[in-house]
> 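First the structure, then my questions, so here it is.
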Amino acid sequence: MDTDETFPLRDVLDRAADALPPLPDLVPLAVREGRRRRARARFATAATAFGVVTAGALGLTLLPGNGPAPAMPAAPPSSPGVSASPSVSYPPVVVEETPGVPPPDNPDGLSEAERERRAVHQQRVAALLDELLPAKVTEIRPVKDKVSAYRITAGGEPFWMTVSVRRSDDHALDACPNRPDPRIVCETAVFDGDHEAQLLSMTANEPGTSAAYVRFPYGGSRVRLSVEPEGVSSPVTPRELFAVVEDPRFLALVKEADARPVEEKLLPPVVGG
């Protein structure tokens, strides 16, 4: 039975509930995260069984990083909205070029501040890849001390992915091959108003397999997204990589890396080889 005190409390709760904004639609996010968690669990089981993960394209060994991912600060005022998932971290993996031989710490001799800046850049890129790549990509991990390198997982298998922004004196878009070749599919696509990108799919090491590339000039830099496996085809297509390029938040990161480079400048090509 309701008492006299019950009705005022109920009225207060009703008014408070009415003042709340409507709940967002969480179903698509929940479905996507559920797929990723199941795949991550399968991948974790396999990784535990074998101890290491091999990046097929480079013949490298990828080990878990020794520490947590760096804290991801809010995007600077000049680039609002760059950070896709600031509350999520992406622990780095360590590359062993020779299995069983740990790589040197800080191989490029960077200051701690610069090393941290590059690690934060990787975190932001990883967050956008996690959101923008198709759901079949179930994990994204930056590679420690290799700012353009990421390990992605699809179908329980690891793949090496590159997201590179490098200053260059060459600002022209690469031309598609001008001869018909069934092993190469090349097209150009327009984004961000009047910018053009080259989308390329080509044989990856063995017949019947393909690597995926998107590359374009932006500002004073050349940008490349690629997945280059060995013995199998890339799990993502050039068009799926291009969907990342079209997102304004990714372009904001490109502009930041163009203004404050995180990689060495590209050397001009050698004419006459």
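Since the structure is predicted, the reported quantities are computational estimates derived from the model, not experimental observations. Along the sequence shown, the residues carry numbers beginning at 1.
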> Work out which heavy atom in Ala204 is nearest to a heavy atom in Ser210; give both atom names and the distance.
CB-C, 3.7 Å
> Do Tyr218 and Lys255 have side chains that approach each other closer than 4.5 Å (heavy atoms only, starting at C-beta)?
yes
> Check step by step if side-chain contact (heavy atoms from CB on, under 4.5 Å) holds for Leu129 and Val125.
CA-CA 6 Å; Leu129 295 178; Val125 172; 4.0 Å; yes
> What residues form a side chain to side chain donor-acceptor pair (under 3.5 Å) with Arg117, not counting sequence neighbours?
Glu114
> Please tell me if the side chains of Asp145 and Pro103 come closer than 4.5 Å, counting only heavy atoms from C-beta onward.
no
> Check whether any side-chain N or O of Asp258 sits under 3.5 Å from a backbone N or O of Gly219 as a donor-acceptor pair, and report yes or no.
no
> Is any side-chain heavy atom of Glu240 closer than 4.5 Å to a side-chain heavy atom of Lys136?
yes
> So does Ser221 get a backbone contact from the side chain of Arg166, meaning a donor-acceptor N/O pair under 3.5 Å?
no
> With a cutoff of under 4.5 Å between side-chain heavy atoms, which Ile, Leu, Val, Met, Phe, Trp and Tyr residues group with Tyr213?
Ile184, Leu200, Met202
> Answer whether the closest heavy-atom distance between the side chains of Val227 and Pro235 falls below 4.5 Å.
yes
> Would you mind listing every salt bridge (charged side-chain N to carboxylate O under 4.0 Å, His left out) that reaches into residues 100-113, with sequence neighbours excluded?
Asp105-Arg115, Asp105-Lys144, Glu112-Arg115
> Verify side-chain contact (heavy atoms from CB on, under 4.5 Å) between Arg249 and Leu132, making sure each step is shown before the conclusion.
CA-CA 11 Å; Arg249 295 167 299 171; Leu132 299 173; 3.7 Å; yes
> Side chains of Gln198 and Val214: closer than 4.5 Å at any heavy-atom pair?
no
> What are the two closest heavy atoms between Ser89 and Pro91, and how far apart are they?
O-CD, 3.6 Å
> Linking directly or through intermediates, with side-chain heavy atoms under 4.5 Å: list the remaining ILVMFWY members grouped with Val147, chain and number order.
Val262
> State whether the side chain of Ser168 and the backbone N or O of Leu266 hold a donor-acceptor pair below 3.5 Å, judged by distance alone.
no
> Under 3.5 Å, side chain of Glu228 to main-chain N/O of Trp160, donor-acceptor pair present?
no
> Return each pair, listed once, that meets salt bridge (charged side-chain N to carboxylate O under 4.0 Å, His left out) where at least one residue sits in residues 203-219; pairs must be two or more places apart or across chains.
Asp174-Arg215
> Any disulfide bond (SG atoms under 2.5 Å apart) involving residues 106-169? Give me the pairs, sequence neighbours left out, ordered by first then second residue.
none
> Is there a donor-acceptor pair under 3.5 Å between the side chain of Thr153 and the backbone N or O of Pro158?
no
> Only counting residues at least two apart or in another chain, list the ones meeting side chain to side chain contact (heavy atoms under 4.5 Å, CB included) with Val232.
Phe159, Pro229
> Using a strict threshold of under 4.0 Å (side-chain N to carboxylate O), is an ion pair present between Glu116 and Arg118?
no
> So does Ala149 get a backbone contact from the side chain of Thr162, meaning a donor-acceptor N/O pair under 3.5 Å?
no
> Is the shortest side-chain heavy-atom distance between Arg141 and Pro92 below 4.5 Å?
no
> Looking only at non-hydrogen atoms, find the nearest pair between Glu96 and Gly100 and report the distance.
OE1-N, 2.8 Å
> Does the separation of the ring centres of Phe216 and Phe191 fall below 6.0 angstrom?
yes
> Only pairs at least two apart or in different chains count here, so list each disulfide bond (SG atoms under 2.5 Å apart) that has a residue in residues 104-148.
none
> Begin from the C-alpha positions of Tyr150 and Val163 and carry the test side-chain contact (heavy atoms from CB on, under 4.5 Å) through to its verdict.
CA-CA 8 Å; Tyr150 301 82; Val163 180; 3.9 Å; yes
> I'd like to check the side chain to side chain donor-acceptor pair (under 3.5 Å) partners of Ser164; sequence neighbours left out, ordered by chain and number.
Glu263
> Give every residue pair that meets the disulfide bond (SG atoms under 2.5 Å apart) criterion with at least one member in residues 94-141, sequence neighbours excluded.
none
> What's the verdict on side-chain contact (heavy atoms from CB on, under 4.5 Å) for Leu133 and Met161, showing C-alpha distance, side-chain angles and the deciding distance?
CA-CA 12 Å; Leu133 289 176; Met161 180 171 180; 4.2 Å; yes
> Can you see which heavy atom on Pro217 is nearest to which on His195, and at what distance?
O-CD2, 4.4 Å
> Which pairs count as disulfide bond (SG atoms under 2.5 Å apart) when at least one residue sits in residues 166-239, sequence neighbours excluded?
Cys176-Cys186
> Decide yes or no for Arg222 and Arg167: does some side-chain heavy atom of the first lie under 4.5 Å from some side-chain heavy atom of the second?
no
> Excluding sequence neighbours, so at least two apart, what forms side chain to side chain contact (heavy atoms under 4.5 Å, CB included) with Arg239?
Glu187, Ala189, Leu199, Thr237, Phe242
> What's the spacing between Ile140 CD1 and Glu131 CD if we round to 0.5 Å?
10.5 Å
